[in-house]
Amino acid sequence: MKKSLIKNYFKSIYVTRRRFISILIMAFLGVGFFAGLTASSPDMQDTLEHYLDENNMHDISVISTMGLNNEDIEALKEIDGIKEVYGIKTKDTEAKLGEVEKAIKVIEYSENINLPTLIEGRMPENESECLIDEGYNRYTGEKSCIGEKLILENSDVDEDKNPIFTTKEFEIVGVAASPLYIGKERGTTSVGNGSIDFYIYTKDSVINMAYFTEAGIIVEGAKELETNGDAYLRLINNAADKIKGIQEEREQARYNSIIDKANQKLADAQKEFDDKKAEAENKISDAENKLNAAKAEIETSEVKIEDAKKEIEKNTKKANTEFANAEKQIKNAEEQITIKEKELQEGKKALEENRAQANAGIQQLENAINKTNETIQNLQEQKKQLEIAGMDTTQINAGILQAQNAKKELEQQKNQIQTQLTEAENKIKSRRARIKQGKTRVK
């Protein structure tokens, strides 16, 4: 019976061998996948553990809407079971890289906690350099953005009106992966479209804030435990409960600190206002005294002005009379100038006519003088001939003397005409000068 049953089994397997082999293979595959998943989970856990320990990832993060000051950090350090507490500064803003504008988170780099892993490039060496999120390439498609300029488009200021960011333009010197962001999501924000696109790491003096935005806490003994294991979670929850125990106290202290600081500023502003008010009141009082003195001076001046008005009216009437007389004299002078100009023109015309006649007369006299000179010369030659011949020259001498006298008379007539012409020209010039002087006085 037993042999028959076994024989039937093998016979059934043989008849359905293809189906049997398929089921057998599927069973092997299932066992293989189960074994792989069972083995990969501890490996993944070990990888995560190693990564978080190597980058000194915080165990607890404390975030406050009012910010955390140094007193808050010290209070957290004093909690039993807390190993280290580090203040962290971050700031959400909009930034531009090339033509791309995105909402980003600026994180101040710390060598103590949440260390980024450098993937490409180098670490920042000064305030104008930064590391950029490895996920940035999702938005640009570029292979590398090292060497590019990133500009923060932020105008926020602190309570003292100083810019929040001491540097707004950075050179990207490296690409990093942060233990804060394991997946693709970068969190939400109140700027831009409400979602953080990527983050950058900068030096610890770029964000100019008097408080920390969060605190990274390392719990005593947490590194020795498996991350997210039951023992780890119990340890972390215990520390978190202790932190919550001082939460209200620290929140009230922080609130009081902010209020006290605001009240102090208000008191300083009130004092400054009171000082300015007192100074202004003193200035107003001085101004009122000066105004009263000015009013008295104005009243005295008004009397003087009234007297001056009367004097001005009197002088105005006198001046008007003098102006009328002067205008009359000017009018008469202008008429006289017109007459003199007319006489001058007539005199000039007559002078021109007389000059022509005088020049003609002078020319005739010069011709007569020349002829007389020729006559004298001829008579003198005849006299020389008579003297050579030994003849009497009395008659010739008389003729020469008569010709010389005639020449003198002609020269005198010529000089007389030229003198008269010169005197007439001088008179015309003198009249022209007087007319010009008269016109100047009239003007």
Side-chain angles (χ1 to χ4, degrees), residues 45-46 48-92 105-117 158-159 164 178-183 185-189 196 199 201-264:
Q45 184 66 35
D46 290 343
L48 176 64
E49 185 76 22
H50 176 74
Y51 177 73
L52 296 180
D53 289 344
E54 186 178 54
N55 293 81
N56 202 26
M57 177 71 173
H58 64 249
D59 297 307
I60 300 174
S61 177
V62 176
I63 301 174
S64 172
T65 56
M66 292 187 295
L68 302 166
N69 56 24
N70 291 324
E71 288 77 10
D72 295 325
I73 301 298
E74 293 300 322
L76 290 170
K77 287 182 178 180
E78 292 176 0
I79 295 176
D80 184 34
I82 300 298
K83 181 179 180 181
E84 293 291 345
V85 181
Y86 300 102
I88 301 171
K89 291 182 181 180
T90 65
K91 177 68 177 175
D92 296 348
K105 180 180 288 291
V106 180
I107 307 171
E108 283 194 349
Y109 172 75
S110 171
E111 296 180 353
N112 301 309
I113 195 167
N114 301 334
L115 303 178
T117 301
D158 63 11
E159 55 191 10
I164 290 295
S178 173
L180 298 172
Y181 303 99
I182 302 298
E185 295 299 323
R186 297 296 183 255
T188 59
T189 179
I196 296 292
Y199 57 83
Y201 276 95
T202 68
K203 297 291 284 185
D204 59 1
S205 55
V206 170
I207 301 177
N208 180 34
M209 293 191 300
Y211 57 89
F212 302 106
T213 53
E214 60 183 283
I217 299 175
I218 304 296
V219 178
E220 186 75 39
K223 276 192 177 183
E224 289 75 19
L225 300 176
E226 179 182 347
T227 302
N228 293 330
D230 292 339
Y232 176 84
L233 293 176
R234 283 196 299 272
L235 181 65
I236 297 303
N237 291 333
N238 182 47
D241 291 338
K242 293 179 181 179
I243 292 172
K244 289 179 181 178
I246 67 168
Q247 177 179 352
E248 185 176 351
E249 176 188 351
R250 293 316 308 165
E251 286 178 350
Q252 187 62 44
R254 178 62 176 156
Y255 174 81
N256 292 338
S257 173
I258 293 173
I259 294 299
D260 291 343
K261 192 172 184 180
N263 288 334
Q264 183 60 45

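All residue numbers in this chain count up from 1 along the given sequence.
- Within the 3.5 Å criterion, the main-chain N or O of Met66 finds a donor-acceptor partner in the side chain of Arg254.
- Rounding to the nearest 0.5 Å gives a distance of 5.0 Å between OG1 of Thr90 and CD of Glu214.
- When each of Lys223, Glu84, Glu111 is paired with Asn56, the side-chain hydrogen bond (donor to acceptor under 3.5 Å, both in side chains) condition holds for Lys223 and for no other.
- Side chain of Lys242 to backbone of Asp80: a donor-acceptor contact under 3.5 angstrom is found.
- Side-chain atoms of Thr117 and Asn55 form a donor-acceptor pair, as typed in the model, at a separation below 3.5 Å.
- For the ring-ring contact (aromatic ring centres under 6.0 Å, His included) test, no residue two or more places apart in sequence or in another chain qualifies with Phe212.
- Of the possible polar contacts, one joining the Asn114 side chain to the His58 backbone as a donor-acceptor pair under 3.5 Å is found.
- Note that OG of Ser110 is 7.0 Å distant from CG of Leu115, once rounded to the nearest 0.5 Å.
- Under the 3.5 Å distance criterion, the side-chain polar atoms of Lys89 are matched with a main-chain donor or acceptor of Met209.
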>> Run Ile217 and Ile243 through side chain to side chain contact (heavy atoms under 4.5 Å, CB included) and show every step you take.
In response: CA-CA 10 Å; Ile217 299 175; Ile243 292 172; 3.4 Å; yes
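- Looking only at atom types and distance, the side chain of Asp59 has a donor-acceptor partner in the side chain of Tyr232 under 3.5 Å away.
- No donor-acceptor contact under 3.5 angstrom links the side chains of Glu74 and Asn70, judged on distance only.
- Between Tyr109 and Tyr201, the ring planes lie perpendicular to each other; the angle is over 60°, past the 30° to 60° tilted range.
- Partners of Gln247 under the side-chain hydrogen bond (donor to acceptor under 3.5 Å, both in side chains) rule, at least two apart in sequence or in another chain, are Glu251.
- No donor-acceptor pair closer than 3.5 Å links the side chain of Glu108 to the backbone N or O of Ile88.
- Rounded to the nearest 0.5 Å, atoms OG1 (Thr189) and NZ (Lys91) are 8.5 Å apart.
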